Amino acid sequence: MSRLQVFDEADGATALIDITDGDQIAAELAPVGVRFERWATREIGSADVVDAYAPEIARLKAEGGYLSVDTITMTSDHPERATLRQKFLSEHTHGEDEVRFFVAGEGLFTLHAAGRVFNTLCTQGDLISVPAGMPHWFDMGPSPSFTAIRLFRNPDGWIARFTGDAIADRFPRHEPAAA
């Protein structure tokens, strides 16, 4: 289930807001420029993931000027999962929007804006678009399991620029409940 917890940037222990309704999540994130949508999920079977969501992808490309699209899948048995998890746990920015649609699984995007920290758990059917330049971090958890569609204007613009701030260490990580 999608979830948004909002904290004061100085306190990662007490959530000011804790909601799971997709419309409310979108309303809380919109004022800081973050797009959050829920898309209807589809049985994909052997179909190409990108083809299955072609209408939604075409809309985003037209609205945001995105030129390329790909998918990423991460599994709990990936030999580099710990290294890949660690890579984005520190606060960073990108030179372009970070757009992700979760086809399956989940991941935690944590956004730092307007004196607040927005822990945004994205699950199957969630689209999040973090605007270029917004400080954030991403946690896929210790046993990752997700497939996501990614959209880019220029893949080189997605390179992480780390802020050097240790803020991410003060806020909850993604520790999913055991299945």
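No experiment lies behind these values; they were computed from the predicted model shown. The first residue of the sequence shown is numbered 1, and numbering continues consecutively from there.
Of the inter-residue distances, the one linking Asp51 atom CG with Ile44 atom CD1 reads 10.0 Å to the nearest 0.5 angstrom. Distance check: Thr163 OG1 to Arg161 CZ gives 12.5 Å after rounding to the nearest 0.5 Å. Here CZ of Arg81 is found 6.5 Å from OG of Ser143. Values are rounded to the nearest 0.5 Å. Here the CE atom belonging to Met140 is positioned 10.0 Å from the NZ atom belonging to Lys87, to the nearest 0.5 angstrom. Rounded to the nearest 0.5 angstrom, Asp165 CG and Glu9 CD are separated by 8.5 Å.
The closest side-chain heavy-atom distance from Glu56 to Leu127 is not below 4.5 Å. Leu108 has its side chain out of reach of Phe138: every pair of non-hydrogen atoms, C-beta onward, lies at least 4.5 Å apart. Residues Leu121 and His174 meet the side-chain proximity criterion, which asks for heavy atoms closer than 4.5 Å. Side-chain contact between Leu111 and Met134: present, with at least one pair of heavy atoms (C-beta onward) separated by less than 4.5 Å. Put simply, the side chain of Leu4 reaches to within 4.5 Å of the side chain of Val6, judged on heavy atoms. For the pair Pro176/Pro142, a side-chain contact is recorded, criterion being any heavy-atom separation below 4.5 Å from C-beta on. Ile149 has its side chain within reach of Leu151: a pair of non-hydrogen atoms, C-beta onward, lies under 4.5 Å apart. At least one side-chain heavy atom of Leu84 sits under 4.5 Å from a side-chain heavy atom of Met74.
Judged purely by atom type and a 3.5 angstrom limit, Asp97 has no side-chain atom pairing as donor or acceptor with the backbone of Ser129. Using modelled atom types, one side-chain atom of Glu96 and one backbone atom of Arg153 make a donor-acceptor pair closer than 3.5 Å. No donor-acceptor distance shorter than 3.5 angstrom exists from the side chain of Arg150 to the backbone of Glu98, with no hydrogens or angles considered. At distances below 3.5 Å, not a single donor-acceptor pair connects side-chain atoms of Arg100 with backbone N or O atoms of Ala148.
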Report all side-chain donor-acceptor pairs from residues 25-35 shorter than 3.5 Å, counting only partners two or more places apart or in another chain.
from: Arg35; atom 1: NE; to: Glu37; atom 2: OE2; distance (Å): 2.7
from: Arg35; atom 1: NH1; to: Glu63; atom 2: OE1; distance (Å): 3.1
from: Arg35; atom 1: NH2; to: Glu37; atom 2: OE2; distance (Å): 3.0
from: Arg35; atom 1: NH2; to: Glu63; atom 2: OE1; distance (Å): 2.5

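Side-chain contact, Thr123 with Ser2: a donor N or O sits under 3.5 Å from an acceptor N or O. Thr147 and Thr73 are linked by a side-chain donor-acceptor pair at a separation below 3.5 angstrom, with hydrogens and angles left out of the test.
The ring pair (Phe, Tyr, Trp, His ring centres under 6.0 Å) contacts involving residues 51-79 comprise Tyr53-Phe101, where partners must be two or more places apart or lie in separate chains. Pairs of residues two or more places apart, or lying in two chains, that qualify as salt bridge (charged side-chain N to carboxylate O under 4.0 Å, His left out) and include a residue from residues 14-27 are Arg3-Asp18. Sorted by first then second residue, the salt bridge (charged side-chain N to carboxylate O under 4.0 Å, His left out) pairs that include residues 119-143, not counting sequence neighbours, are Arg38-Asp126, Arg85-Asp139.
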### Task
Please step through side-chain contact (heavy atoms from CB on, under 4.5 Å) for the pair Thr110 and Thr120, ending with a clear verdict.
CA-CA 6 Å; Thr110 305; Thr120 313; over 6 Å; no
### Task
Start with the C-alpha distance between Asn154 and Leu67, add both sets of side-chain angles, then the distance that settles side-chain contact (heavy atoms from CB on, under 4.5 Å), and finish with yes or no.
CA-CA 7 Å; Asn154 173 1; Leu67 302 174; over 6 Å; no
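Between Phe88 and His92, the ring planes lie tilted relative to each other; the angle falls in the 30° to 60° range. Ring geometry, Phe102 versus Phe109: the interplanar angle exceeds 60°, so the pair is classed perpendicular (tilted spans 30 to 60°).
Cluster partners of Phe162, using a side-chain heavy-atom cutoff of under 4.5 Å among ILVMFWY residues and allowing indirect links: none. By the 4.5 Å side-chain criterion applied to Ile, Leu, Val, Met, Phe, Trp and Tyr, Phe7 is assigned to a cluster that also includes Val117, Trp137, Ile167, Phe171.
Ring centroid separation for the pair His112 and His136 does not come in under the 6.0 Å cut-off.
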